[in-house]
Amino acid sequence: MTSHRLPAPSGTCLDRSADVSFEFNGRTLQGFAGDTLASALLANGVGLVGRSFKLHRPRGIFSCGIEEPTGLVDLGEGAARSVNVRATLVELQQNLRAVSVNCWPSVSFDVGAISGAFSALLPAGFYYKTFKWPSWHLFEPAIRRMAGLGRAASEPDPDRYEEIAADADVLVIGGGPAGLAAAVSAAQAGAATLLLTSGSKFGGSESWRAASPGAAVPGDAPPVSELIASAGRLGVRLLNRTLAFGVYDHNLVCARESLHPLGGARAGDRGVLRERLWKIRARSIIVAAGAFERPMIFPGNDRPAVMLAGAALKYAHAFGVAPGHRVVIAANSDSAYRVAESLCGAGVNVTALIDRRAAADIAASVSGGAAKLRVIRDAGIVKVSGSRAVRSCTIGGAAGAGARYEHLDCDAILSAGGHAPAVHLHSQAGGKLRWLSESAMFVPDGAARGLASVGACAGVFAREAALDHAARVGAALARGLACPEAAVGGAGRSLAATHLPNVSGKQFVDLQNDVTLSDVRLAAQENYRSVEHLKRYTTTGMGTDQGKTSNINALVLMGEYTGREPAEVGTTKFRPPFAPVTLGLIAGRRTGALYRPLKRLPDESWHRARGALFEQFGNWRRPAAYPLPGESLEDAAQREALAVRQSAGLLDGSPLGKLEVFGADAALFLDLMYLGTMSTLPIGQARYGILLNENGIVVDDGIVARLGEQHYWINTTSAGVERTAAAFEEWLQCEYTNLKVLITPVTSRWANVTVAGPKAWEWLAAAGFDSLLAPLSMPHMTLRGARLDGVPLRVLRASFSGELGYEINVPAEHAGDVLARLWAHAERFAAVPYGIEALEILRTEKGFIHIGTDTDGTTLPGDIGLARGVDRKRANFVGRRSLLRPAARDPSRFQLVSLSPADGRTRLPVGGQIAAAPPPTQTEGHVTSSYMSPELRAPVALGMLSRGFQRVGERVQVHHLGATIEAVVAQGPFIDPKGERLRG
Amino acid sequence: MMQIPCIRCGARDEHEFICGGTSHIARPALEQDDVVWGEYLFFRDNPKGRHLERWRHVYGCGLWFNLVRDTVTHEVLAVYAITAAPPP
């Protein structure tokens, strides 16, 4: 390929005095400030940029913008590596390093090119038909390795991403002439206006065309420079390098502002603010997104040096790059003639224009332009010679069935198949489309809800008409009036189909995914006729470019093969994002420690000082245990549990859910909510309560204590407190609206220091706690108010460990005082801090359930032995009706049992299935909790077993991962069955 | 992401709320048979168009209220108190 740099004055975006060096595939090249990576590569004559996805065919730069399907590179190294970046959008920087994708060992010599030889075996949908015998799994790893293009970074992203919310009366997306006109007009009408452009400059194509020789001169409407100045004066908020990628419900637009495209992790950089996500809520949205060019379909249309005509124009004027020395244009639109003229004016040697259309379809006003331009009508390209470059092409007549017509010597072919308005955002907003058959394009069929289109994306291609319409739309929407209709037109006539019939050779529809014309025909033959099936069966439009240069051609072809008009075939559903968006942008700050913020204990430092090993329990960071130096977690838990049974231990129970329930109807309300009866609870006493959902399933448990006639203190599970409070609120606000009840969650207001063990009271007394808390004056399951150094306490005598236990509730800011006070006397009683692992051992030994571990989404109260309360209770309660259904009374239901290994040694695995024979078989239950008991020096377990209550003493088999363990259904609880230690 | 008009707080982003599903569902009496109870628990209509539903401003003021929303266009047609009758 002989693309090359043109001399000044072409290249209006360049600063020719500022050289920039960069690397491509290890080779150092030179460009100018203002170049993109694509323009610099073309200027250096680099035509071969990558290899195609499936067939590894050589590919080059195809476009000059966001629609680029083949000019993809990976940028940078290490943590800053960016993948599948479109070279057309990369602003060239000093020392930029880029490499080709999808090729090995190099883009010039690619081993993967061998798949091109097997292309007949790799048509659309090949993986549904081949690579199946003997098993797909044999081939899957190799095929997966071949999938994808670039290679992603494997280190964490060091850069930062932000999110910002904004409001606007009118949001204009697109900074070209039409967008500017709409924004200026809206601002003039008094609207708070925000204007976004994805590029670095406002003005669209007029920003780079104006100063170039041979460029078209705008008519009477104001030039963009004037519009930009007006916008500034009127206070329009301008955001450049900001791409709007999605329109969401209620006029929410998400846009990506690109601050540091290459990231910060170059030599020595610590990471920068790389991108900013804008979430913009606008009263009205105006889209001025322009139009994409449609490629021509002909054999060999994927070769490097085949490029879109409009792109070649921009390369010539904006970047001073010519696509080749002998350029031909394959055309299907009137605009191709203006492009040819303009290119000649910029010094590009355009030798021929091959128009697919017959003379009758070409506008009379379109002339041959420059004298050197040869125009051939009613013809198309039938062959391209060359594989990594174009050497020549062969032209055939449109009517002739492949009759060779003429050889044309050329080294670049420009594709001008017509235009496709960018209707993506309009469609995302629910807008409808209609097919304009004379220009072969879809245009918006009226405005969408809250979103109007102006300019080329609305189908208005004539400059004066576009600016006039845009201004009227801006003014109307600013005032909340109806949107004026667009005067669609100005694109000239184009044929829907751009290919010649009866021509052989690979003709590409989707350049990124290697989808050819014959693939579309195959889909039609196999009855994948719907446009959505066409897309997924052939993968056309499914690459990183999302079919911006292929979708229209594909659906036109499908229409041809199935006898339908393009409008009948329709488009696939448009979904955000409009262009690839990084995960970093979406994640924003919610990474690392902020991904899932954990709740911490009130005085975490005290626990750290005692050697706590913290783990995550639900949303909380809690000590699993307090291992001594050299002790394993398992051993620490055993030691702590034994200490609680023999002397005393201290657990931080602050995460335990706490609610205060007030009101004249509090008692009545709690009777409605709970399985048990709470209205009969005397003041100062406590009761274990179970909460059901309306299906009768056990969802939470906890101790309910009465503080006063109209005042209750509720404990819930630590994970369930928010859910429980929300459920109470729902009942009160939506159903029992006449009850006078207030619910206040106080989990973080009160810390909970739990002291348990036979020496618990002695320890508390030594530490100075009030004697009214002594076991003789304070029975089990009672609650007393007390004070320690003037700090109020609510002390509940309750126990999850099965030993004498006190839950000391203290205002959270005084947790440290209580811990310090107790700890000063701990040694005398051989007291230890204990963590969650020890707690689990203790409660399992006692047969106390853990909601969500021993119960699941099918567990009814009867299954855990709490059916007695149901029949006795007179009041209605949540879940009552569901307990009466047949499934709830099925005698073979799983019931909570205690389990021991028959050999007294082997720990039963949690999740082990209980069945008469090894799997596959019907299960009779499973093991839910299992620990080694330090006091018994034997394993203890709980499980759910069909008809378990009647099977105490029975031998059962526990199956797990191929092993079978004999177990016995034990009479629980394993320790202190009469509860004497609890009540002493 | 929709904007939900809380009665107390005004229009706020959807993620401050939870949706409580279809509104105005009467709980059958205890005496009703299992089929009626089962339908109450598990069966809901899924209308295309106007839908009466409950929302709670859980990450705001905590209020439960009713909304009339078009399930196709997401247009919010009316807001009214949780105990009030739906607008005509």
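Just so we're clear, the structure is a prediction, and the values are computed from it rather than from any experiment. Chain letters run A, B, ... following the sequence lines, proteins first and then strands; every chain starts at 1.
Put simply, of A:E694, A:K279, A:R449, the one with the most heavy-atom pairs under 4.5 Å next to chain B is A:E694. Among B:E75, B:Q32, B:R27, the residue with the largest count of heavy-atom pairs under 4.5 Å with chain A is B:R27. When each of A:R281, A:E735, A:E730 is scored by its heavy-atom pairs under 4.5 Å with chain B, the top score falls to A:R281. The candidate with the highest count of non-hydrogen atom pairs below 4.5 Å against chain A, out of B:N66, B:V76, B:I82, is B:I82. Chosen from A:L252, A:L884, A:N695, the residue pairing most often with chain B at heavy-atom distances under 4.5 Å is A:N695.
By the neighbour-count criterion of 12 heavy atoms within 6.0 Å, atom CG of A:N738 is densely surrounded, having more than that number from other residues, nucleotides or ligands. By the 6.0 Å contact criterion, CG on B:D45 is open, its count of non-hydrogen atoms from other residues, nucleotides or ligands being 12 or less. More than 12 non-hydrogen atoms from other residues, nucleotides or ligands lie less than 6.0 angstrom from CG of B:L30.
Using a distance-only test at 3.5 Å, with no hydrogens or angles considered, a donor-acceptor pair links the side chain of A:Q733 to the main chain of B:G62.
Heavy atoms of B:W64 lying under 4.5 Å from chain A belong to its backbone as well as its side chain. With a threshold of 4.5 angstrom between heavy atoms, B:F65 does not approach chain A through any atom at all. At a 4.5 Å heavy-atom cutoff, the contact between B:L63 and chain A is made by backbone and side-chain atoms alike. A:N876 touches chain B through its side chain: at least one heavy atom from C-beta onward sits under 4.5 Å away, while N, CA, C and O do not. For chain B, the nearby parts of A:A726 are the backbone and the side chain; heavy atoms of each come within less than 4.5 Å.
Here the straight-line distance linking atom CG of A:D249 with atom CG of B:D13 works out to 11.0 Å at 0.5 Å rounding. Remark: A:C254 SG to B:M1 CE distance equals 7.5 Å, nearest 0.5 Å.
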Verdict with reasoning, A:R881 to B:L41, per side-chain contact (heavy atoms from CB on, under 4.5 Å): CA-CA 11 Å; A:R881 179 60 184 82; B:L41 284 178; over 6 Å; no
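A heavy-atom distance below 4.5 Å is not found between the side chains of A:H250 and B:E14.
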